[in-house]
Amino acid sequence: MSEPGDETIEGELLRFTYATDDGAFAVARLKTKAGECIAVGPVGHVAPGQHLSLTGRWMDHSSFGRQFKVSSVLVEDPRTLRGLELYLGSGAVQGLGPAFAKRVVDHFGLDTMRVIAEEPSRLTEVEGIGQKRMEQLKAQWEKDRANREVLAALRGYGLGAALANRIVERWGKDAAALVAREPYRMCAEIHGVGFRTADAIARANGLPSDSPDRAEAALRHTLSEAESQGHCFLPRGELLRRVSLLEVPDHQAIPAIDRLALAGRLVVQHGIDSERDPVFPPELHQAERAVSRALCAMAQGPPTFPPAQVEAAVEAAERGIGLSLAPGQRSAVLLALAHRAAVITGGPGTGKTTIVRVLVEAARRLDLELRLAAPTGRAARRMTEATGAEARTIHRLLEFNPRTGAFTRDIDQPIDGDGVLIDEASMVDLRLMHALVRALPEDGRLVLVGDADQLPSVGAGRVLADVIASGAVPVATLSEVFRQAAGSGIVRNAWRVNQGGRPRSSEQEEDEGLTRDFFLLSRRTEAEALDTLTEVMSRRLPRLGFDPRTEVQVLTPMHNGLLGTHSLNRHLQGLLNPSGPALVRGERTFRQGDRVLQVRNNYDLDIFNGDVGRVADTTPQGLVVDFGEGGAGAEVLVSGEDLGDIELAYAISIHKSQGSEYPAVVILLHRSHRIMLRRNLLYTAITRARRFCCLIGEADAIDQAVGQRGGDERFTRLSERLAGTEL
């Protein structure tokens, strides 16, 4: 779909310099009337030799010069003899290689395409093509033509190549007809298609704006968007308000809610005030009920061991490990062992890691086998290092099957062992908690360890905070900061921020014997903050013994803007890794030695959201990434569409840093981040630092972050269900 300022060029595709496996992005050389040029964008599905009409804009790339950035593509049959040879010999028609393509074009000339399509039997006129080969070519041409026509129709709606291919894979030869006739089905059945895309296609095909399908699709899309914001449901009035922004008025939306509820495609909990009635996606409604029932059943069960036996096991565990727990820590371990469901929560420096070590050892002495897990690979590796016992990601523990999209471990095939201990439990969302409680063994145990004051999960719900608030599950709250941690500026400032106080730089602290590991550098403008970041990364931190490429993590609240992850990563790459073998993908450049981040779970490659690695090599196929940071080396070739899930990781968002710790952290806060600034965001960022933390910030932005409590409110009923006030 063209935008103001776009222009159109035509030409013959000569060859590709680079193309992703799915065709979603390619760098192509094009022959136009004005000469040869470079086109970049979604043209990788086109075969050399075809005639293209490209819509887009000219741009000047800093490294590769003038290019035409393509927004949409219209593909036509080749118009020249050379183009015909290129096209037919490129593999566009299986069974017709370059040699035979030249013979066919030499024989039929510019009439070649018509002959293949309308008179394929004439191909036997060409030397070397007999009846059998002609039949094979005819059948292949028919199959390829059907796919080409479907893809061309879908591309005509402005859909990208990857999305069009996904639709064809799902709906086959009927894809174009279904998109035209039932475009709103895509919202529910095709990953990556939102309501606005489907609605634009519907409008283009003349579907009426008051179609019942349109209202239903808008409602389901709105609930899906709400889930991506962390909500488990929307109150009916709020749902209607949000749907009205999609130009669906109440007189269309209200009957649609009733129809969807009757069909079981959403759940409405009716109460006294209809405006406040929760409207759930069915899966989240079921998940809330199942999680609350499971946790209540575990928490209300009788003690499984006599208190004296539990105390003896804890004392033996302390002796075996060679440490002595403080009274609050010992109480937490005893509580967790005395109940089938328990929570241990506390801030930095309160000894949660020590508690986990003793708890695992005491459980072993009671003949209990606790499985250890965490939401991210980095957090799981930290558990393994701290306890000496194997810890896995929750997805690996539940044995996610990428082919079925479901977990292998469930109520019919529960987890081996006697229970599960989850660290960094604040990151666990409702769907994952539902899968976890379903997979617990009969009479199994669950211990949740985490800091409820950190950012909530990326997915729907606030499970840990809701469980604690409900009072239905035993909770041990750790508040004592131990002497070694109390001397740390990182720990002191984390607690200050969490209590609404402004952080202090180490040089402002007057107490003797305190560790100088937290520095606050006040900068007013974004440019000043960026200059200071350059100074800190290139000179100050190396003088303190930190390697900026491997031991320092830059954290920022947002992705966009001068102090967002995208801009910062380009800047830091130029500062820390400016040259060397590179792979260019669109506007992103990856170099050998770059620090990178996996941003989605990829079960085929066995790499997961939040995994950090280093580019070991660049190849024409993609990147060889060593994801062994913090563990054994594991080199993976990431290519094709999977490259879209790899980002530079010199700077990452604070949300992405959850569950991780780094030797040194540099945090950027500015008023340009104002929509994100709140207390738990800054608190989470500070607690990611293990040995050193530097906060580069504008004073007003820091004050806003410290003073803004909340802002992460979510529509959830888990706490009420656990407390017995909600069914």
Side-chain angles (χ1 to χ4, degrees), residues 59-63 489 493 497 502-508 517-544 546-549 551-579 582 586-591 594-597 647-657 662 664-679 681-686 688-689 692-708:
M59 57 176 286
D60 292 310
H61 192 283
S62 58
S63 301
N493 279 299
V497 167
R502 202 173 192 277
R504 298 178 196 167
S505 198
S506 286
E507 69 269 18
Q508 297 174 332
D517 59 2
F518 185 95
F519 288 88
L520 172 58
L521 305 178
S522 212
R523 299 294 182 268
R524 182 168 180 77
T525 69
E526 290 182 293
E528 289 172 345
L530 190 61
D531 288 343
T532 301
L533 174 66
T534 301
E535 166 73 16
V536 167
M537 295 292 283
S538 62
R539 287 187 272 282
R540 296 193 189 186
L541 283 172
R543 283 202 299 264
L544 294 174
F546 293 102
D547 183 345
R549 294 212 305 178
E551 296 181 300
V552 182
Q553 184 61 65
V554 176
L555 301 179
T556 185
M558 300 175 69
H559 294 295
N560 296 322
L562 184 64
L563 299 182
T565 60
H566 301 319
S567 175
L568 289 174
N569 272 313
R570 288 193 295 270
H571 177 76
L572 291 169
Q573 183 189 51
L575 180 70
L576 303 174
N577 194 25
S579 61
E587 297 180 357
R588 300 184 303 161
T589 299
F590 297 101
R591 293 196 179 98
D594 275 339
R595 189 176 188 181
V596 293
L597 174 76
E647 296 179 356
L648 290 173
Y650 297 105
I652 64 174
S653 71
I654 296 171
H655 281 83
K656 279 291 183 188
S657 73
Y662 311 94
V665 163
V666 180
I667 306 166
L668 291 161
L669 286 189
H670 188 265
R671 64 175 175 269
S672 59
H673 302 139
R674 57 187 172 276
I675 63 171
M676 298 291 292
L677 297 178
R678 56 185 62 94
R679 187 179 301 175
L681 185 88
L682 179 53
Y683 173 72
T684 299
I686 293 172
R688 300 308 90 202
F692 188 89
C693 182
C694 176
L695 172 57
I696 303 172
E698 183 186 24
D700 289 345
I702 295 171
D703 288 341
Q704 180 183 336
V706 169
Q708 180 66 43

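Counting from 1, the numbers follow the sequence of the chain as shown. Here the structure is a predicted model, which means the values were calculated and not measured.
A donor-acceptor contact shorter than 3.5 Å is absent between the side chain of Arg679 and the backbone of Gln708. Arg688 places no side-chain N or O within 3.5 Å of a backbone atom of Ala685 that could act as its donor or acceptor partner. Remark: side-chain polar atoms of Glu647 are not paired, donor with acceptor, to backbone N or O of Thr565 under 3.5 angstrom.
One side chain, Ser672 or His670, offers a donor N or O that lies under 3.5 Å from an acceptor on the other. Between the side chains of Gln553 and Ser657, not a single donor N or O lies within less than 3.5 Å of an accepting N or O.
One finds the CG atom of Leu521 at 11.5 Å from the CD1 atom of Ile667 (value rounded to the nearest 0.5 Å). Atom-to-atom distance recorded for Thr525:OG1 and Arg671:CZ is 8.0 Å, nearest 0.5 angstrom. The distance from the CZ atom of Phe518 to the CD atom of Glu507 is 10.5 Å, given to the nearest 0.5 Å. To the nearest 0.5 Å, atoms SG (Cys694) and CG (Leu668) are separated by 8.5 Å.
Scanning both residues, Val497 and Tyr683, for their nearest heavy atoms gives CG1-N, 4.0 Å. Shortest non-hydrogen contact noted between Phe546 and Pro548 is O-CD, 3.3 Å. Residues Ser653 and Leu555 come closest through the heavy atom pair O-CD2, 4.3 Å. Closest of all the heavy-atom pairs between Gly564 and Thr556 is C-CG2, 4.1 Å. Listed here is the closest heavy atom pair of Ser567 and Gly561: CB-O, 3.3 Å.
When side chains are defined from C-beta on, Gln704 does not count as touching Leu669, because their heavy atoms never get closer than 4.5 Å. Side-chain contact between Arg540 and Leu544: absent, with no pair of heavy atoms (C-beta onward) separated by less than 4.5 Å. Val536 places none of its side-chain heavy atoms less than 4.5 Å from the side chain of Val552. No side-chain heavy atom of Glu698 sits less than 4.5 Å from a side-chain heavy atom of Glu528. Using a 4.5 Å heavy-atom threshold, the side chains of Pro557 and Leu563 count as separate. By the 4.5 Å heavy-atom criterion applied to side chains, Leu575 and Leu533 are not counted as neighbours. You'll find the side chain of Leu576 reaches within 4.5 Å of the side chain of Arg549, heavy atoms only. Within the 4.5 Å cutoff, no side-chain heavy atoms of Asn493 are placed close to those of Leu520.
With sequence neighbours left out, the ring-ring contact (aromatic ring centres under 6.0 Å, His included) criterion links His571 to no other residue. Arg502 meets the salt bridge (Lys or Arg N to Asp or Glu O under 4.0 Å) test with Asp703; sequence neighbours excluded. Looking at residues two or more places apart in sequence or on another chain, you find a ring-ring contact (aromatic ring centres under 6.0 Å, His included) between His559 and His566.
Of the candidates Ile652, Leu648, Leu530, Leu530 is the only one forming a side-chain contact (heavy atoms from CB on, under 4.5 Å) with Leu568.
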May I have the step-by-step check of side chain to side chain contact (heavy atoms under 4.5 Å, CB included) for Met676 and His655, ending in yes or no?
CA-CA 11 Å; Met676 298 291 292; His655 281 83; 3.6 Å; yes
Working for side chain to side chain contact (heavy atoms under 4.5 Å, CB included), residues Arg523 and Ile696:
CA-CA 7 Å; Arg523 299 294 182 268; Ile696 303 172; 4.0 Å; yes
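More than 12 non-hydrogen atoms from other residues, nucleotides or ligands lie less than 6.0 angstrom from CZ of Arg591.
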